[in-house]
Amino acid sequence: MTQTDATPAGAPSESITESTDGRAERFDAQAIQERWLPVWDEKTPFRSGDPADPRPKKYVLDMFPYPSGDLHMGHAEAYALGDVVARYWVQRGFNVMHPIGWDAFGLPAENAAIKRGLDPRAWTYENIAQQKASMRRYACSFDWDRVLQTCDPEYYKWNQWLFNKFHERGLAYRRPSQVNWCPNDQTVLANEQVVNGLCERCDTPVTKKKLTQWYFRITEYADRLLDDMSQLEGRWPDKVLTMQRNWIGRSQGADVTFVIEGADTTADGGAQQADRDVTVYTTRPDTLFGATFFVVAVDSDLAADLVAASPAAVRAEFATYLEKVRGTSEIERLSTDREKTGVFLQRFAVNPVNGEKIPVYAADYVLADYGHGAIMAVPAHDQRDLDFAKAFGLPVKVVVDVRGEDGEPLPDPAVSGTATAGVGAMVNSGPLDGLQKAEAISAIVELLAGKGLGKETTNYRLRDWLISRQRYWGAPIPIVHCPACGEVRVPDDQLPVELPPSEGLDLKPKGTSPLGGATDWVNVDCPQCGGPAQRDTDTMDTFVDSSWYFLRFVSPDRDDVPFDPELVRQWLPVEQYVGGVTHAILHLLYARFFTKALHDMGMVDFVEPFTGLLNQGMVLMDGSVMSKSRGNLVRLSDQLADHGVDAVRLTMAFAGPPEDDIDWKDVSPAGSARFLARAWRLAQDVASPVGVDVSTGDVALRRQTHRTVHEASTLVEGFRFNVVVAKVMELVNATRKVIDSGAGPADPAVREATEAVAILLSLFAPYTAEDMWSALGHEPCVALAGWPVVEEGLLVTETVTCVVQVAGKVRDRLEVSPSITEDALRELALAAPGVQKALGDKGIRTVVVRAPKLVNVVPA
RNA sequence: GCCCCCGUGGCCCAACUGGUAGAGGCACCCGGCUCAGACCCGGGACGGUGAUGGUUCGACUCCAUCCGGGGGUACCA
């Protein structure tokens with residue numbers, strides 16, 4: 001499948017023999033790994049918890065993994081890149097908190113348990129142990145004193161505690177609603193967890209179900225989630241900010257109240273209803289005069305209500321239609337080009353501005369849970385309404401005179417079939433006639449408000465976050481249902497509500513929580529009245545666990561508070577968060593919401609949890625996502641065995657911009673290993689002593705060293721890791737040249753350059769760097785060596801090459817002083833032979849001088 | 001359909017944000033080392049920046065249109 005297949009087992013390709021100068025040393029990646037790992041275990045260079053540590057603090061965080069099996073190539077990329085950032089700031093003299101933990105609750109453990117009859121707990125902890133060992137070998141710069149697993153009762157106790165806090169404040173509540181249901185996982189899903197109508201986890205088409213579920217009131221924070229994004233501008237990828245904005249989907253509009261006329265079908269077995277007010281939401285109240293019909297969502301309570309007073313035939317038709325819609329999968333429902341369907345309820349709504357009676361339809365293109373689940377339909381100016389009007393032969397009334405680019409009126413939507421959504425002067429709209437959109441909107445809102453029939457409003461696409469799950473492996477919701485007291489929180493001092501052992505429970509998904517089967521666990525005394533009561537049997541969405549874990553890292557062992565407030569003040573917010581773009585909405589939105597809620601409770605003093613965000617791309621093979629079924633799986637363990645940890649890490653950093661996907665077939669871990677061997681040999685060759693006076697060394701090499709270190713800072717801080725690596729390669733090449741054909745291995749500049757290489761490489765290839773550092777005569781750890789100090793004087797060169805162009809084409813080059821004046825440079829340039837030749841006998845129009853790098857002579 | 005990003009040697013990618021198109025790597029070719037191969041060392045070839053037009057003394061970089069690729073979103077009224 002890859003170049004790895006070409007390497008026979010037992011013949012590691014990273015063993016590169018040095019033969020040109022007769023030395024026997026060779027670069028042996030595996031041996032170096034074995035040598036330094038125990039040393040680091042002892043020296044623990046990345047401990048961050050010493051209260052006496054004088055270094056300034058910085059929090060760098062990698063998204064914590066889900067423990068399903070061992071680490072894979074995706075982890076390897078993420079942790080390689082996160083490590084560059086963390087290790088860089090350590091070299092810059094910061095006390096970096098770089099913790100790791102496990103997002104350890106969730107369905108994979110449970111599914112594995114069901115499939116293979118294992119205990120989800122045991123399965124999870126085994127995987128964690130394996131991943132932890134792999135991370136250690138991968139030389140991740142984690143602070144191993146700060147580790148957490150969300151499935152530990154010590155952790156989820158605080159999950160429950162936070163749930164209680166939310167519940168106290170009305171941010172956690174239970175209500176019945178149409179919810180997303182995954183038939184495969186047999187549990188409900190939050191809106192964010194439905195991707196294109198499919199379950200985010202298992203790609204099963206999601207259906208709807210009416211259930212009473214627990215929600216977090218995230219919608220209360222919609223405005224702040226939106227507005228606070230301005231603080232993240234420039235420090236988060238634009239893409240993520242855009243996705244969150246779209247997801248929250250704020251829109252400005254108006255509520256308009258229509259009257260639905262009463263009806264009496266008691267003779268027909270139906271109901272009798274008086275006139276009633278029904279409010280709709282619209283972003284185009286200006287088009288109110290163009291409303292020719294009215295639509296309610298077929299699956300809304302309103303529709304059910306209205307149809308009750310419809311004739312029997314309509315009621316029957318409605319019931320059939322509703323059933324059909326319910327059976328339609330979300331994925332079908334999402335396809336926009338399907339025909340509009342609906343049922344005329346034989347009820348009528350009265351337009352509040354002109355008293356027109358318009359027919360009321362129930363249809364599935366109106367959503368029950370957005371706005372008021374009902375709309376006024378303006379077919380002339382809304383494509384969806386027009387499609388419906390055409391399907392049902394309803395009138396189309398133009399109320400906006402929309403002109404094309406040529407100033408001509410656009411064709412009549414009734415004829416063209418295309419609604420005119422643009423702006424223009426109002427027509428057929430009584431008092432609004434002649435007004436432009438904005439004026440018309442304020443006029444109509446004012447008019448309606450005067451009669452109490454309308455007002456400006458804001459709507460959001462964002463829905464409350466459904467957090468209950470009907471599965472076993474999660475944090476139990478700490479609520480007791482008491483026949484006398486209702487919903488009662490389990491008192492904080494009785495937390496955690498521990499999960500009952502899985503033994504004896506039927507974990508198979510069956511639509512209700514397996515916890516219901518743990519009778520001893522379910523039946524409890526009501527904490528309030530002491531009477532018999534029952535525990536809530538649902539568990540929390542695992543995204544709850546990950547919405548605050550970054551806070552827990554400051555004090556993972558505290559058992560009296562979820563996190564130490566003083567330490568949070570010192571360390572938070574996370575300065576650099578690193579992870580995949582798959583969480584652009586889900587996790588990042590939830591974590592932002594939690595942070596704001598905790599802020600309002602006075603528990604944290606900031607409102608955004610992650611001030612910087614880096615999204616790494618994916619690792620692909622042959623242009624597609626790796627998977628067993630595709631047969632293009634590249635195993636991390638194979639790569640590490642074949643090329644060594646450092647070569648794999650370096651390859652991840654060197655492959656290209658971090659946010660781009662890496663196609664493993666386009667990169668060369670073998671090439672990385674080759675480069676590391678070249679760098680490593682420099683350290684073997686250095687012949688000057690530690691601490692040698694470098695000022696006498698080869699100036700050209702010294703300049704390059706200092707320039708490289710200088711540029712590397714900016715590049716790392718801008719996540720241009722691939723460019724940094726290229727610069728280090730250049731420096732290695734230049735140093736080799738000086739050793740072989742220049743001043744030789746004893747030149748102090750060679751030592752200076754090689755030490756710089758070791759320190760720069762310590763961000764990418766820690767084992768090689770450590771071994772170089774040792775060969776150079778230093779004690780471990782190179783990770784703490786400190787960033788080389790740049791001598792400003794060496795950043796300026798004594799001459800620069802000035803390009804002399806004639807009519808934009810390069811005709812000559814001059815070596816000039818960087819401080820040359822424009823006039824002097826102009827003189828020199830005009831006298832240059834290349835210029836004279838190119839100019840011939842033509843005159844000169846202008847001379848553009850950009851000292852000291854460029855002169856452009858423009859001929860007449 | 002709408003919005004965003006990206007097109008640079010055979011491939012992955014640089015280019016001080018308007019100033020010499022090429023830094024680095026992969027692959028390839030030649031030479032050295034070798035009994036030979038691998039490794040290593042030295043050297044080399046390759047494109048004018050997706051297309052067209054515009055702005056400019058000067059465009060990979062800015063603008064317009066188009067082509068190609070990727071991503072997001074999609075009955076949200």
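In this text, all values refer to a predicted model and were calculated from it rather than measured experimentally. Letters A, B, ... mirror the listed sequences (proteins, then strands); counts begin at 1.
Between R461(A) and U73(B) there is no side-chain polar atom (N or O) within less than 4.0 angstrom of OP1 or OP2. Neither OP1 nor OP2 of C3(B) sits under 4.0 Å from any side-chain N or O of N246(A). Proximity of R681(A) to the phosphate of C41(B): a side-chain N or O atom is located under 4.0 Å from OP1 or OP2. For C3(B), neither phosphate oxygen OP1 nor OP2 lies less than 4.0 angstrom from any side-chain nitrogen or oxygen of R245(A). Between R674(A) and the phosphate of A27(B), there is a side-chain N or O to OP1/OP2 separation shorter than 4.0 Å. At least one side-chain nitrogen or oxygen of Y370(A) sits closer than 4.0 Å to the OP1 or OP2 atom of A77(B).
If you check every strand for non-hydrogen atoms under 4.0 Å, R678(A) touches sugar and phosphate atoms only. Here T283(A) lies in heavy-atom contact (under 4.0 Å) with sugar-phosphate atoms only. Note on V848(A): a base of the nucleic acid sits closer than 4.0 angstrom, heavy atoms only. Counting non-hydrogen atoms under 4.0 angstrom, T846(A) reaches nothing in the nucleic acid. Using a 4.0 Å heavy-atom criterion, one finds that K239(A) contacts the sugar-phosphate atoms exclusively. Residue-level contact check: Q383(A) touches neither bases nor backbone, having no heavy atom under 4.0 Å from any strand. At a threshold of 4.0 angstrom between heavy atoms, the contacts of S251(A) are confined to the sugar-phosphate backbone, with no base atom among them.
If you measure from atom CZ of R850(A) to atom P of A59(B), you get 14 Å, rounded to the nearest angstrom. If you measure from atom CD of Q805(A) to atom C1' of G18(B), you get 12 Å, rounded to the nearest angstrom. Distance, N733(A) CG to C41(B) P: 9 Å, rounded to whole Å. In this entry the distance linking CG of N856(A) with P of A59(B) reads 10 Å, nearest Å. Between Y361(A) atom OH and C75(B) atom P the separation is 23 Å, expressed in whole Å. Taking atom CG of D299(A) as the reference point, atom P of C75(B) lies 14 Å away to the nearest angstrom. Atom-to-atom, CZ of R826(A) to P of G19(B) comes out at 20 Å; the value is rounded to the nearest Å. Rounded to whole Å, atom P of C41(B) lies 11 Å from atom CG of D685(A).
Using a cutoff of 4.0 Å between basic side-chain nitrogens and carboxylate oxygens, R826(A) and D823(A) are scored as salt-bridged.
Judged by distance alone, with hydrogens and angles left aside, K665(A) brings no side-chain donor or acceptor close enough to the base of C11(B) to form a pair under 3.5 Å.
In E456(A), the CD atom is not crowded: 12 or fewer heavy atoms of neighbouring residues, nucleotides or ligands sit closer than 6.0 Å.
Between the side chains of T219(A) and D464(A), at least one donor-acceptor pair of N or O atoms lies under 3.5 Å. Side chain to side chain, N246(A) and R461(A) fail the donor-acceptor criterion of an N or O pair below 3.5 Å.
Both distances falling under 3.5 Å, in either a Watson-Crick or a G-U wobble arrangement, place C2(B) opposite G72(B). Checking C29(B) for Watson-Crick or G-U wobble geometry (two distances, each under 3.5 Å) identifies G43(B) as its partner. Across all strands shown, C60(B) has no partner, as no Watson-Crick or G-U wobble contact with both distances under 3.5 Å is found.
Residues V725(A) and D660(A) both approach RNA chain B. Their nearest nucleotides, taken by heavy-atom distance, put D660(A) toward the 5′ side. Annotation: of the two residues near RNA chain B, W247(A) and D661(A), the 5′-most nearest-nucleotide partner is D661(A).
Aromatic ring centroids of F388(A) and Y361(A) lie under 6.0 Å apart.
The main-chain N or O of A421(A) is never found under 3.5 Å from a side-chain atom of H381(A) such that the two would form a donor-acceptor pair.
Candidate nucleotides G24(B), A77(B), A14(B) were compared by shortest atom distance to the side chain of V723(A), and A14(B) ranks first. The side chain of D666(A) lies closest to C12(B), out of C13(B), C12(B), A23(B).
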